[in-house]
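Below: one structure, written as structure tokens.
Values below: every heavy atom of this structure, side chains too, minus hydrogens, waters and symmetry copies. Here the structure is a predicted model, which is why all the values come from computation and not from measurement.
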Amino acid sequence: MFKAPLLGIIATLGLAAQANAAPVLLDSYLHSYGTNAGHLDPAGSDFVGPDYVQVSDGSTQRFSDAFNFSALDYDTISSFNLTLTFRDAGPSVFPAELWAVRVQGANPASALDDLFALLTGNSWTQQITTVNAATDLFTVNAFAHTLATETFSFWFSEFTSGRDKFTLASAKLDVYGTAPVPLPAGGLMLVGALGGLAAVRRRKAN
């Protein structure tokens, strides 16, 4: 007798909790590059130091790395922030080096299918690239593809002639969104009371 209304109340309480939840930092993932303990030597790096790698546009295999967040417990994801610590990327004007970070979309072979942001910094620099639904409108589906695969994949490209390289120390991914919201204590009490009332009604009916 009370099953449908009870499910409706539970759904309403859950939706209300989600509606009131503002995006927060859900988790951070850090890749420090190099040969030191706990560091990572990613694919495509030309030279690996103790706490850095060199990324070159002359590599036969271009640098690439990825963060898998499939184990993350979340309700929604609103954006990703990729923070790179690097140097020697040059100014972003021709004819100097013109490096960009690229975030993979569904079709890596298409230059229009991923988000890219230019890198600038000859001394150690931290640069943040944000990927969200708004940027996805201009870059086809980098954000949508990242959500669908639960993997944030990125690499670098360079747009000028000649052999160029830069030094990369680390990459950090911050994931923002809303976490699953448990039913509030008051809602649990209400559900319990309604369930007890339904049981009493069933006993009387029998």
Keeping the roles fixed (side chain from [X], backbone from [Y]), state whether a donor-acceptor pair exists under 3.5 Å.
{"X": "Gln127", "Y": "Leu118", "answer": "yes"}
{"X": "Thr125", "Y": "Ser123", "answer": "yes"}
{"X": "Ser153", "Y": "Ala66", "answer": "no"}
{"X": "Asp114", "Y": "Gly105", "answer": "no"}
{"X": "Ser70", "Y": "Asn68", "answer": "no"}

Is there a continuous path of hydrophobic side-chain contacts, each under 4.5 Å between heavy atoms, that joins [X] to [Y]?
{"X": "Phe67", "Y": "Tyr176", "value": "no"}
{"X": "Leu30", "Y": "Leu82", "value": "no"}
{"X": "Trp155", "Y": "Leu84", "value": "no"}

Heavy-atom pair of closest approach, residues [X] and [Y]:
{"X": "Gln54", "Y": "Thr167", "answer": "CG-OG1, 4.1 Å"}
{"X": "Glu97", "Y": "Ala89", "answer": "CB-O, 3.6 Å"}
{"X": "Leu115", "Y": "Thr129", "answer": "CD2-CG2, 4.1 Å"}
{"X": "Arg62", "Y": "Phe156", "answer": "NH1-O, 3.1 Å"}
{"X": "Trp99", "Y": "Asp57", "answer": "CH2-N, 3.4 Å"}
{"X": "Phe166", "Y": "Asp88", "answer": "CB-O, 3.4 Å"}

Which residue pairs pass the salt bridge (Lys or Arg N to Asp or Glu O under 4.0 Å) test when at least one of the two sits in residues 165-180, sequence neighbours left out? Lys172-Asp174
Could you tell me how the ring of Tyr33 sits relative to the ring of Phe63: parallel (under 30°), tilted (30 to 60°) or perpendicular (over 60°)?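 Correct class here is perpendicular.
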Return the orientation label for the Phe152 and Phe154 ring planes: parallel under 30°, perpendicular over 60°, tilted otherwise.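 Taking Phe154 first and then Phe152, their aromatic rings sit tilted (interplane angle of 30° to 60°).
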With sequence neighbours excluded, what pairs up with Thr130 under the side-chain contact (heavy atoms from CB on, under 4.5 Å) test? Ser79, Asn81, Ile128, Asn132
With Leu147 via side-chain contact (heavy atoms from CB on, under 4.5 Å) - residues at least two apart: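 For Leu147, the residues satisfying side-chain contact (heavy atoms from CB on, under 4.5 Å) (neighbours in sequence not counted) are Ile77, Phe80, Phe143.
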Euclidean distance, [Y] [atom2] relative to [X] [atom1], rounded to 0.5 Å:
{"X": "Arg87", "Y": "Trp124", "atom1": "CZ", "atom2": "CH2", "answer": "4.5 Å"}
{"X": "Leu173", "Y": "Asp65", "atom1": "CG", "atom2": "CG", "answer": "10.5 Å"}
{"X": "Ser32", "Y": "Leu40", "atom1": "OG", "atom2": "CG", "answer": "9.0 Å"}
{"X": "Leu98", "Y": "Leu119", "atom1": "CG", "atom2": "CG", "answer": "9.0 Å"}

Would you mind reporting whether [Y] and [X] have side-chain heavy atoms less than 4.5 Å apart?
{"X": "Thr35", "Y": "Asp41", "result": "no"}
{"X": "Asp27", "Y": "Tyr74", "result": "no"}
{"X": "Phe47", "Y": "Tyr52", "result": "yes"}

